[in-house]
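A short write-up of the structure that comes next.
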Amino acid sequence: MCGIVGYTGQDEAKDILITGLKRLEYRGYDSAGVALECASPATPGAPASGVTLSVIRRVGKVAGLESELSAFGAPSACGIGHTRWATHGRPSVANAHPHTSCNGRIAIVHNGIIENFAELRAELERRGHTFASETDTEVFAHLIEEAYEGRPDDPATGEPARPGSHDLMTAVREACTQVVGAYGLAAVCADEPGVIAVARKDSPIVIGRGERGSYVASDVIALIDATRDVVVLEDGQFARLTPEGITYTDAEGTPIEPAVTHIDWDIDMAEKGGYPDFMLKEIHEQPRVVRDTLVGRMVGGELDIDELGLTMEELNLIDRVYVIACGTSYHAGLIAKNLIEAWARIPCEVEAASEFRYRNPIITPSTLVVAVSQSGETADTLAAIRDARIKGAKVFGITNVVGSPVARESDGVIYTKANKEIAVASTKSFIGQVVSLTLLALLLAQVKGKLTTGQVRMLFRELGNTAEQIQWILETQGEAIHEAALACKDAHSALFVGRGMGAAIAHEGALKLKEISYLHAEAYAAGEMKHGPIALIDQGFPVIAVATKSPVYDKTVSNLKECEARGAQIIVVATEGDEEIRAIADHVIYIPPVRDAFSAITATVPLQLLAREVAIMRGCDVDQPRNLAKSVTVE
Ligand code: AGP
């Protein structure tokens, strides 16, 4: 998630902004910048307010921005700052925030995604605005400018002229009415020195009053030194900060008195948003990842993955898909295989990149290679991409890091919009990968005429519903997961089983458990048990099964009965309402009813939480497991 800071008061703003941005560095970013209100020279034509905005932006670390600011001598008591994790537009100075209006008198920083930025940008450009970046955010700067300064008649649409508000807070409220999407926004205007206008919808904003000024940030950690009494702005609320105080209004401009929250977290807890570790924080971010990854993907009733870089005709010629990846990303590929073959009816092979790159795979011009990588820098996956391209394949990347080597070396790329994933164990990025691969499967099926537009729309809606289903699991299954963890924490090994989609999910569950709790775990297709693995079962041996309602549910239950008969401790992820399963399971963790095709998005969540609980019970470091790195940039 990007980071926002803002200050207006009696002290030097740039020092406060840099300190705040440094506190937000842990969240991951690729560029940073500030906008400072400075006295303008008293020359003819100088602005009446006597103030201009100085915008300083850098790619790379906040330290680089800090060193550039150290040479910036002009004093400033009001400013805003931002650390950017690129989602629209590569990391660059031009794409870094703050962004400014055409006249340079308004600057804004923004967290979130503007879904309708393309049409807004087209309208603004038609009305004469010029854009300096590729970002969705810059649209806000020009919308606020139009609302502040007013706009002339629009002959193209016949819309009459609109007078300007010449009030920043009013202009921000007006701009927000035109935006569809999520925003945490802070804006300054050189014609209103000392004022910061703030808006919030679906992206966190906290505001606080210190002894020497007013503060805004996207995360408590950035203002905790100034005050522990903060207002957590709610959706549709606005704030106007001045050196003297803060006023709050609703969308209509009516004054409101939001509640004040006292923060008693320490710095470490604040970095994790109040969660005990990054892994739990990131698991809880998964509903947002589903929503953000789907933003803008259904335009005018049609699926939109134009980053693919392939025409519909080229897509239609695809007769084989290879998904190449490592670890958890490989498991996302197993799920993609089920979907692509079920819906598009073309062969899909999933292969560890470390194998693919050395075995001289059969590639033809009608082969689509999909490279999946959270970090976008896994050495084996990169090598496999290069090999595939040499052999003439089209390569499509799915990654979480804008401008990463996987993104740069693929013909097209989808970004999973999970924001920085800090815990070594991949969770939210996996969910983003599965959602993105589901979109690809839907597109292939539609292009090949295997699914109608209506069916795709219906499936897209159901896909979006998984966000609420994950939220239900997070809110209701904690106790069941805790009990299941107690039951298996002292085991020496565990078996994860499932059939169909459940088998793929079982593989991810086994990896999560072993990589963070060091409890050995393997995954098998449940039908394989009698071909060897069942020899492992003795009294109390944990068998963790994915037995959600599916075409192979009964077969899975039969396999579990064979395990139960030999004394296994049976833990099951099942569909809410399934009481039958309780006859053989020692512990049941429920997920809401869901189409089998989407069950991986929801049924994986209990296994993530189970692995984390067991790891904690075994005294392991949940965020930084031994021997592991967040990205494996060597073979
Ligand atoms: C998963 O929890 C691990 N962190 C690991 O298996 C990871 O998925 C694998 O190293 C691939 O990383 P990538 O997605 O960044 O390419």
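The first residue of the sequence shown is numbered 1, and numbering continues consecutively from there. Side-chain atoms are counted along with the backbone in the values below, which use heavy atoms only and exclude waters and symmetry mates.
- No side-chain heavy atom of L339 sits under 4.5 Å from any side-chain heavy atom of L437.
- The minimum heavy-atom distance linking A615 with V622 is given by the pair CB-CG2, 4.2 Å.
- Residues passing the side-chain contact (heavy atoms from CB on, under 4.5 Å) test with Q477, sequence neighbours excluded: W472, I473, A480, I481, I589, Y590.
- T367 and I318 make their closest contact through C-CD1, 4.2 Å (heavy atoms, listed as atom of the first residue, atom of the second, distance).
- At a threshold of 4.5 Å between non-hydrogen side-chain atoms, the residues K417 and V289 do not count as touching.
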TODO: Just do the side-chain contact (heavy atoms from CB on, under 4.5 Å) check on Y322 and V370 with the steps written out, would you?
DONE: CA-CA 6 Å; Y322 273 116; V370 181; over 6 Å; no
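- None of H110, H99, H82 except one satisfies the side-chain hydrogen bond (donor to acceptor under 3.5 Å, both in side chains) rule with T137; the exception is H110.
- Side-chain atoms of P204 and D219, non-hydrogen and from C-beta on, never get closer than 4.5 Å to each other.
- A cation-pi contact links R626 to Y518, judged by a cut-off of 6.0 Å to the six-membered ring centre and 45° from its axis.
- Using modelled atom types, one finds no donor on one side chain facing an acceptor on the other under 3.5 Å when comparing T135 with N95.
- Looking only at atom types and distance, the side chain of T548 has no donor-acceptor partner in the side chain of S550 under 3.5 Å away.
- When all heavy atoms are compared, the tightest approach of A504 to N338 is CB-ND2, 4.4 Å.
- Counting heavy atoms from C-beta outward, S218 and L24 have side chains that approach closer than 4.5 Å.
- Evaluation of the salt bridge (Lys or Arg N to Asp or Glu O under 4.0 Å) rule for K514 yields no partner, not counting sequence neighbours.
- The two atoms that bring G301 and R457 nearest to each other are O-NE, 2.7 Å, heavy atoms only.
- Applying the salt bridge (charged side-chain N to carboxylate O under 4.0 Å, His left out) definition to pairs two or more places apart or across chains, those involving residues 597-617 are D277-R612.
- In this structure the side chain of V93 never reaches within 4.5 angstrom of the side chain of R58, judged on heavy atoms.
- Residues meeting the salt bridge (Lys or Arg N to Asp or Glu O under 4.0 Å) test with E134, sequence neighbours left out: R90.
- Considering every non-hydrogen atom in both Q624 and V424, the closest pair reads OE1-CG2, 3.6 Å.
- Counting only heavy atoms from C-beta outward, the side chains of S404 and R408 never approach each other to under 4.5 Å.
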- [ ] Show your working on salt bridge (Lys or Arg N to Asp or Glu O under 4.0 Å) between E409 and R389 and close with a plain yes or no.
- [x] CA-CA 9 Å; E409 299 195 29; R389 300 198 71 186; over 6 Å; no
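- Judged purely by distance below 3.5 Å, without hydrogens or angles, the side chains of T602 and Q469 never pair a donor atom with an acceptor atom.
- Each of T328, T604, T427 was evaluated against E508; a single residue qualifies, T328, per the side-chain hydrogen bond (donor to acceptor under 3.5 Å, both in side chains) test.
- Put simply, CG on L21 and OH on Y29 are 8.5 Å apart, with the number rounded to the nearest 0.5 Å.
- Residues I385 and S410 have side chains in contact (heavy-atom distance under 4.5 Å, counting atoms from C-beta outward).
- Residues L609 and L474 have side chains in contact (heavy-atom distance under 4.5 Å, counting atoms from C-beta outward).
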Open item on the list: Checking E25 against K61 for the salt bridge (Lys or Arg N to Asp or Glu O under 4.0 Å) test, could you report, in this order, the C-alpha distance in whole Å, the side-chain angles of both residues, the deciding distance, and whether it holds?
Closed with: CA-CA 8 Å; E25 286 193 287; K61 295 302 177 193; 5.4 Å; no
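- Shown here are the side-chain contact (heavy atoms from CB on, under 4.5 Å) partners of C326, two or more places apart in sequence or in another chain: A353, T378, D380, T381.
- Looking only at atom types and distance, the side chain of Q455 has no donor-acceptor partner in the side chain of Q446 under 3.5 Å away.
- Ring pair Y275/H284: centre-to-centre distance below 6.0 Å.
- In this structure, R57 has no salt bridge (Lys or Arg N to Asp or Glu O under 4.0 Å) partners at least two apart in sequence or on a different chain.
- When all heavy atoms of V369 and A388 are compared, the pair lying nearest together is CG2-CB, 3.8 Å.
- Relative to the six-membered ring of F496, K512 misses at least one condition, a distance below 6.0 Å or an angle of at most 45° to the axis.
- Between the side chains of S426 and E421, at least one donor N or O sits under 3.5 Å from an acceptor N or O.
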Open item on the list: Under the criterion salt bridge (Lys or Arg N to Asp or Glu O under 4.0 Å), I'd like the reasoning laid out for K281 against E285: C-alpha separation, chi angles, the key distance, then a yes or no.
Closed with: CA-CA 6 Å; K281 176 172 179 283; E285 288 174 4; 2.9 Å; yes
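- The closest side-chain donor-acceptor pair between Q433 and T416, if any, does not fall under 3.5 angstrom.
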